[in-house]
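Count residues from 1 along the sequence.
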Amino acid sequence: MKPFAYVRPASVAEAVRAAAGHPGAAFLGGGTNLVDLMKLGVETPELLVDVSRLPLDRVTSTPEGGLRIGATVRNSDLAAHPAVRTRYPALSQALLAGASGQLRNAATTGGNLLQRTRCPYFQDISKPCNKRTPGTGCSARESSHRDLAVLGHSERCVAVNPSDMAVALAALDATVQLHGPEGERTVPVTDFHRLPGDNPDQDTAVRPGELITEVTLPPVTQTTVSLYRKARDRASYAFALASVAVVLDVRDGKVEQAALAFGGLAHRPWRARAAEELLRGAPATPGTFVRAVRAELGAARPLRANAFKVDLARNLAVGALTELTGRAASPGTPRT
């Protein structure tokens, strides 16, 4: 690990000034991903700006009935929060599926959104990787890519976003509040992560010096149900081969509103807009669900060794939609 400087600012404004004044700076929250990458030599910040003690560790209600989640709220605390468990169960389920208990106790909301891909070639500094060093090539395309992207990838990169939490937030239409040298701005979670294109080294829409301060969830109706499902190689802690977050409102046997987001398939949580359009106003039946999800996944471009992910994602989504429809038809069924 290369030497680095360390500061612990007393306020958000002080943290932003420290990072903006030092181009080689990185914000440090729980450190569960950043420190590992520093040990591997993938990340080499010259300055760590420790934001873990800033007053950003609260979950509060918004006037509209949504939730405001501070950037340093720990994943374990967020998963267990009563309002999250009852009103946004997909988020709680995603967090609990995302890591071991020890990691959830350290990892933060902001850090979870910023975690980098677990592509083995990105983490191995002896291998070419456009995400780590632009212009060197993508080792995964012609090598081991079973766990990597089938949607939205490019010739430059086939890595996938590793976050479970971000998939649920994308389906829930959450927004991210950023504080930077030019002031505050809000970015939808669906626009927060980038597809690789020609610049796979740019993971997110975060600008230099900007700090995530909170995530906001919009209110949900009493008839809205949600669910997160994940397929992985082992039942213990593992990243998703495919996952899905579904938010559904079914009334009188028809889909009033639907939101779907896939994980493990692309460079960012994949919001299934084509499927949602076909679902709205349609009968809430397995046939409808199959047609909608197939239409979405028709855009998939699997590589040599990961075509199985398309069928896996389709089965997860259809199963989740069917299960939620059953819950919506039983008014006494708990959301969780």
Checklist line | N/O donor-acceptor pair under 3.5 Å between R304 side chain and S144 backbone | finding: no

Notebook entry, point to check: Do you know the tightest heavy-atom contact between A292 and A275?
Noted result: O-CB, 3.4 Å

Margin query: If I take atom CG from residue D164 and atom CG from residue N112, how far apart are they, to the nearest 0.5 angstrom?
Written below: 8.0 Å

Notebook entry, point to check: Which atoms form the tightest heavy-atom contact between V246 and A320, and what is the distance?
Noted result: CG2-CB, 3.8 Å

Next item on the list: Flag the pair D77 and R74 as a salt bridge only when some basic side-chain nitrogen lies within less than 4.0 angstrom of an acidic carboxylate oxygen.
Entry: no

Next item on the list: Find out if a path of hydrophobic residues (ILVMFWY) with successive side-chain heavy-atom gaps under 4.5 Å connects L28 to V51.
Entry: no

Notebook entry, point to check: How many angstroms lie between CD1 in I69 and OG1 in T109, if you round to the nearest 0.5 Å?
Noted result: 6.0 Å

Next item on the list: Please confirm whether the backbone N or O of G135 pairs with a side-chain atom of N130, one donor and one acceptor, at under 3.5 Å?
Entry: yes

Next item on the list: Indicate the atoms forming the closest heavy-atom contact of V16 with G180, along with that distance.
Entry: CG1-C, 3.5 Å

Margin query: Would you say S52 and D50 are linked by a side-chain donor-acceptor pair, where the criterion is simply a distance under 3.5 Å?
Written below: yes

Next item on the list: May I ask you to check whether over 12 heavy atoms, not counting those of R301, lie within 6.0 Å of atom CZ?
Entry: yes

Check: Between T325 (side chain) and L321 (backbone), is there a donor-acceptor pair under 3.5 Å?
Finding: yes

Note to self: As an exercise, state the distance from NE2 of H153 to CG of L195, rounded to the nearest 0.5 Å.
What the structure shows: 10.5 Å

Checklist line | With Y237 via ring-ring contact (aromatic ring centres under 6.0 Å, His included) - residues at least two apart | finding: F239

Checklist line | Chi angles and distances behind the side chain to side chain contact (heavy atoms under 4.5 Å, CB included) call for L67, S61 | finding: CA-CA 5 Å; L67 279 186; S61 295; 4.1 Å; yes

Note to self: Under a 3.5 Å cutoff, is there a donor and acceptor pairing between the side chains of T136 and T133?
What the structure shows: no

Check: With respect to L265, which candidate in L151, V310, V160, L241 satisfies the side-chain contact (heavy atoms from CB on, under 4.5 Å) definition?
Finding: L151

Check: Given D203, which of R194, K131, R268 fulfils the salt bridge (charged side-chain N to carboxylate O under 4.0 Å, His left out) condition?
Finding: K131

Check: In the single-linkage hydrophobic clustering (I, L, V, M, F, W, Y; side-chain heavy atoms under 4.5 Å), do V59 and V189 co-cluster?
Finding: yes

Checklist line | Criterion side chain to side chain contact (heavy atoms under 4.5 Å, CB included) on R116 and Q123, from CA distance to verdict | finding: CA-CA 10 Å; R116 307 205 70 187; Q123 295 186 321; over 6 Å; no

Check: Without hydrogens or angle criteria, can the side chains of T288 and T285 be said to hold a donor-acceptor pair below 3.5 Å?
Finding: yes

Notebook entry, point to check: What pair of heavy atoms forms the shortest contact from A159 to T117, and how long is it?
Noted result: CB-OG1, 3.5 Å

Check: So Y6 and L47, side chain to side chain contact (heavy atoms under 4.5 Å, CB included) or not? Walk me through it.
Finding: CA-CA 6 Å; Y6 171 90; L47 172 67; 5.7 Å; no

Note to self: Testing the basics here: between V167 and A245, what is the closest heavy-atom pair and its distance to 0.1 Å?
What the structure shows: O-CB, 3.7 Å

Next item on the list: Check for a donor-acceptor pair, side chain of S154 on one end and backbone N or O of G197 on the other, with a separation under 3.5 Å.
Entry: yes

Notebook entry, point to check: Does the distance from a Lys or Arg side-chain N to an Asp or Glu carboxylate O, for E210 and R185, drop under 4.0 Å?
Noted result: yes

Notebook entry, point to check: Under a 4.0 Å N-O cut-off, is there an ion pair linking R280 with E256?
Noted result: no

Check: So, Y88 and S226: side-chain donor and acceptor under 3.5 Å apart, yes or no?
Finding: no

Check: Which distance, rounded to the nearest 0.5 Å, do you find between the CD of Q115 and the OG1 of T108?
Finding: 10.0 Å

Checklist line | Value rounded to 0.5 Å, distance of CG in L54 from CG in L211 | finding: 7.0 Å

Notebook entry, point to check: Run the side chain to side chain contact (heavy atoms under 4.5 Å, CB included) check on F262 and S243 step by step: do they pass?
Noted result: CA-CA 6 Å; F262 288 106; S243 66; over 6 Å; no

Checklist line | Cluster overlap V244 with L312, hydrophobic side-chain contacts below 4.5 Å | finding: no

Check: Does D201 pair with R132 as a salt bridge, N-O distance under 4.0 Å?
Finding: no

Check: Taking atom CG of L96 and atom CG of L78, what is their separation to the nearest 0.5 Å?
Finding: 9.5 Å

Check: Out of curiosity, does V255 fall in the hydrophobic cluster containing L278 (side-chain heavy atoms, cut-off under 4.5 Å, transitive links)?
Finding: no

Next item on the list: Kindly give the cluster partners of Y121, where membership spreads through any ILVMFWY side chain lying under 4.5 Å from a current member.
Entry: none

Notebook entry, point to check: Is R141 salt-bridged to E155, going by a charged N under 4.0 Å from an acidic O?
Noted result: yes

Check: Taking atom types as modelled, is there a side-chain donor on Q177 or T213 under 3.5 Å from an acceptor on the other?
Finding: no

Margin query: So which atom in R232 and which in A238 form the shortest heavy-atom distance, rounded to 0.1 Å?
Written below: CD-O, 3.8 Å

Checklist line | R314 with E296: basic N within carboxylate O range, under 4.0 Å | finding: no

Margin query: Donor-acceptor check, side chain of N306 to backbone of L148, threshold 3.5 angstrom: yes or no?
Written below: yes

Next item on the list: Report the C-alpha distance between E46 and K2 in whole Å, list the side-chain angles of each, state the deciding distance to 0.1 Å, and finish with yes or no for salt bridge (Lys or Arg N to Asp or Glu O under 4.0 Å).
Entry: CA-CA 8 Å; E46 296 177 4; K2 293 184 177 181; over 6 Å; no

Margin query: With a 6.0 Å cut-off (strictly less than), is the heavy-atom count around CD of Q202, excluding the residue itself, greater than 12?
Written below: yes

Note to self: Please check this pair: side chain of K309 against backbone of A149, looking for a donor-acceptor N/O pair closer than 3.5 Å.
What the structure shows: no

Notebook entry, point to check: When you check the gap from the basic side-chain N to the acidic O, do D233 and R146 get nearer than 4.0 Å?
Noted result: yes

Next item on the list: Please collect all ring-ring contact (aromatic ring centres under 6.0 Å, His included) contacts where either partner lies in residues 160-217, sequence neighbours excluded, each pair once.
Entry: none

Note to self: Looking at E276 and R271, is there a salt bridge between them, counting it only when a charged N and a carboxylate O are closer than 4.0 Å?
What the structure shows: yes

Check: Taking atom types as modelled and ignoring hydrogens, do the side chains of Q102 and N105 form a donor-acceptor contact shorter than 3.5 angstrom?
Finding: no

Check: Got a sec: does the CD of E277 have more than 12 other heavy atoms crowding it under 6.0 Å?
Finding: no

Check: Among the clusters formed by ILVMFWY side chains lying less than 4.5 Å apart, do M165 and L103 turn up in the same one?
Finding: no

